[in-house]
Every structure is written in structure tokens, then in C-alpha cells.
Novice: 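I am attaching a structure below and will ask some questions about it afterwards.
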Amino acid sequence: AQKVTQAQTEISVVEKEDVTLDCVYETRDTTYYLFWYKQPPSGELVFLIRRNSFDEQNEISGRYSWNFQKSTSSFNFTITASQVVDSAVYFCALSEAKIYSYDKVIFGPGTSLSVIP
Amino acid sequence: NAGVMQNPRHLVRRRGQEARLRCSPMKGHSHVYWYRQLPEEGLKFMVYLQKENIIDESGMPKERFSAEFPKEGPSILRIQQVVRGDSAAYFCASSPQTSSGNNEQFFGPGTRLTVL
């Protein structure tokens with residue numbers, strides 16, 4: 001069975017601090033996708049990143065970076081020099097990759113990040 | 001190319017009324033997924049549809065909920081005789097039909113249902 005765990009329910013940091021959001025996943029499949037989404041107070045889902053299971057390279061995009069470790073089934077997300085606009089709920093998610101089929105996305109419970117000015 | 005569209009964005013219903021949520025997938029997308037986000041929770045899969053077919057409804061409550069995706073027009077999620085526990089954000093996602101296994105889902109802005 002697939003499962004995504006985000007152990008941190010809520011995190012508060014002071015502006016300009018770095019913060020890492022943890023994500024641990026479970027799947028029996030060898031091919032899968034991992035995602036991070038941001039949900040700001042306005043409520044929409046903002047896509048941040050998708051990573052397939054064969055690509056373990058870490059990725060950096062501006063102040064955001066992601067650390068994918070297959071050995072520990074983790075896909076952690078770090079925000080460097082956090083800003084107030086980063087305050088949101090962040091969801092880690094998992095989807096299998098099946099050819100000629102479909103994949104429901106399994107979401108973690110989310111981590112609520114508050115960045116205090 | 002417009003993204004996934006959902007309407008209404010906010011819907012208020014009284015207990016016992018019906019709620020109809022609409023989702024227009026991205027152009028060229030023939031797969032639609034509905035997810036529900038209860039307050040303070042993550043999104044949970046409800047149902048997956050292709051044109052005129054329900055493929056997987058394993059996440060749908062057994063009663064009062066139904067979904068369709070007709071040949072023409074948007075996908076509809078219908079909730080009959082709403083109760084307060086149905087208050088949630090309902091997200092629709094769509095994906096293209098590809099042969100690569102790369103069925104990335106694109107999410108709409110969600111419909112926030114409030115049951116009074």
C-alpha cells in the first residue's frame with residue numbers, strides 16, 4: 001500500500017531562517033513519482049516539483065531545494081532564507097507510474113509552515 | 001491553454017440540499033480525478049473518470065455522492081442531501097491520455113463547499 005507521512009504538523013520559523021520539511025513515503029512499486037505542493041491561505045494548490053523514482057539527483061530552484069533519498073524513502077524539502085510569503089501548508093505526495101493506466105495521487109497530511117517577520 | 005477550471009469556487013448549501021460541483025479539464029485531457037480536502041487534512045482521492053466512464057470510485061462515500069464525465073461538457077460531482085460533514089474543499093485534476101506512463105495531474109483551484 002502507498003502512504004505518505006509528514007511527521008511535522010506545524011512549524012514556525014523566524015524570517016530568513018532555513019527550514020526543512022520532512023516527507024517519508026511507502027510504496028512497493030519501483031517506478032513512482034513524488035511531488036510537493038504548496039497551499040497558501042487562499043486555498044489553491046500550487047505545484048512545486050515532481051521527481052521520478054529513477055532520478056535521485058537533488059534539485060535546487062531559487063530558495064527551494066529537494067533532497068531525494070531512496071535508501072530512506074524520503075523526499076525532504078528545504079526553504080532557504082524563509083520569507084513571510086512562504087507561510088502555507090505544504091503537501092508531499094506520491095503517485096505510481098503505470099503505462100496505459102492511471103495513478104491516483106496519495107497526499108501526506110501536510111505541514112503548516114508559519115514564517116514570522 | 002487554460003488550466004483546469006472549477007465552478008463555483010465557493011458554494012453554500014443548507015442541510016438536505018443538493019450540491020453540484022463542476023470541473024472542466026484542460027484542453028485535450030480525457031482523464032478527470034476528484035479529491036476531497038476536509039478541514040485541517042490532506043487531500044483524499046475520491047473518484048477517477050474517463051469520458052463517459054467511471055474507472056475507480058473507491059474513494060467515494062457509498063451514499064449521496066455521484067460523479068459523471070459526459071461526452072460533452074464538464075465533469076460533475078453531485079452530493080445529494082448534504083450534511084455538515086460534507087463541508088470541505090473539493091479539488092478536480094485532469095491528465096492527458098499518454099502512453100508513457102507520465103500521467104501528471106493538473107489541479108484546479110478547488111470548490112469550497114459550506115453546509116449550514
Side-chain angles (χ1 to χ4, degrees), chain A residues 1-10 21-25 27 29-55 88-114, chain B residues 3-6 8-11 25-26 29-51 53-60 69 87-114:
Chain A
Q2 294 178 308
K3 185 179 178 182
V4 177
T5 302
Q6 295 179 256
Q8 304 147 310
T9 306
E10 296 181 6
L21 309 181
D22 298 332
C23 173
V24 174
Y25 62 92
T27 180
D29 292 290
T30 55
T31 305
Y32 51 88
Y33 290 96
L34 296 164
F35 306 82
W36 276 95
Y37 289 89
K38 174 182 179 180
Q39 188 174 44
S42 52
E44 74 273 21
L45 276 178
V46 178
F47 169 82
L48 295 178
I49 189 172
R50 180 180 66 157
R51 174 53 52 86
N52 82 50
S53 51
F54 295 113
D55 183 2
V89 179
Y90 290 85
F91 292 100
C92 180
L94 166 70
S95 171
E96 295 172 350
K98 297 191 184 72
I99 296 177
Y100 297 116
S101 185
Y102 77 99
D103 315 298
K104 55 192 169 192
V105 180
I106 308 298
F107 285 83
T111 296
S112 177
L113 174 65
S114 297
Chain B
V4 178
M5 298 176 68
Q6 290 187 248
R9 295 291 305 276
H10 299 274
L11 181 61
M26 287 179 70
H29 286 194
S30 57
H31 301 220
V32 166
Y33 311 76
W34 285 94
Y35 294 82
R36 177 167 68 173
Q37 183 181 26
L38 293 169
E40 310 298 325
E41 294 187 13
L43 282 74
K44 297 284 194 318
F45 169 81
M46 298 181 74
V47 61
Y48 161 63
L49 309 102
Q50 293 181 16
K51 283 285 187 182
N53 287 303
I54 297 174
I55 307 301
D56 180 355
E57 55 183 348
S58 58
M60 288 275 271
F69 188 17
S87 296
Y90 293 83
F91 288 90
C92 167
S94 73
S95 69
Q97 183 170 13
T98 71
S99 59
S100 66
N102 185 10
N103 295 323
E104 180 177 351
Q105 296 180 22
F106 297 80
F107 282 84
T111 293
R112 273 140 195 88
L113 171 65
T114 301

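In this text the structure is predicted, and so the values were computed from the model without any measurement.
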Novice: For B:R112 and A:E44, work out which heavy atoms get closest and say how close.
Specialist: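 Closest pair (atom of B:R112, atom of A:E44, distance): NH2-N, 3.9 Å.
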Novice: Should we say atom NZ of B:K51 is surrounded by more than 12 heavy atoms from elsewhere, each under 6.0 Å from it?
Specialist: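 Result for NZ/B:K51: enclosed.
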Novice: Report, as yes or no, whether the 6.0 Å neighbourhood of atom CE on B:M60 holds more than 12 heavy atoms from other residues, nucleotides or ligands.
Specialist: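 Counting neighbours around CE of B:M60, more than 12 heavy atoms of other residues, nucleotides or ligands fall under 6.0 Å, so yes.
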Novice: Give, as side chain, backbone, both or neither, the part of A:Q6 having an atom under 4.5 angstrom from any heavy atom of chain B.
Specialist: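 Neither part.
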Novice: Please determine, among B:K44, B:E40, B:Q37, the option with the most heavy-atom pairs under 4.5 Å with chain A.
Specialist: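 With the most close heavy-atom pairs to chain A, the winner is B:Q37.
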Novice: Can you tell which part of B:F106 gets under 4.5 Å to a heavy atom of chain A, answering side chain, backbone, both or neither?
Specialist: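 For B:F106, neither part sits under 4.5 Å from chain A.
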Novice: OG/A:S95 to CZ/B:F45 distance, rounded to the nearest 0.5 angstrom?
Specialist: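 Going from the OG atom of A:S95 to the CZ atom of B:F45 covers 11.0 Å.
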Novice: Please check this pair: side chain of B:Y35 against backbone of A:V105, looking for a donor-acceptor N/O pair closer than 3.5 Å.
Specialist: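 A pair under 3.5 Å: yes.
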Novice: Taking the six-membered ring for Trp and the single ring otherwise, decide whether the centroids of B:F107 and A:F107 are under 6.0 Å apart.
Specialist: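 Yes, the ring of B:F107 comes within the 6.0 Å limit of the ring of A:F107, centre to centre.
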Novice: Just so I know, are the side chains of B:F91 and A:L45 near enough to count as touching, which here means a heavy-atom distance under 4.5 Å?
Specialist: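 Counting from C-beta outward, B:F91 and A:L45 do come under 4.5 Å.
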Novice: Please name the pair of heavy atoms, one in B:Q105 and one in A:Y37, separated by the smallest distance, quoted to 0.1 Å.
Specialist: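 That closest heavy-atom pairing would be O-OH, 4.0 Å.
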Novice: Could you measure the distance from the CD atom of B:E41 to the CZ atom of A:F91? Nearest 0.5 Å is fine.
Specialist: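 So the gap between those two atoms works out to 9.5 Å.
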Novice: Taking every non-hydrogen pair under 4.5 Å, which of A:S42, A:G110, A:P109, A:G108 racks up the most with chain B?
Specialist: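 Highest number of heavy-atom pairs under 4.5 Å: A:P109.
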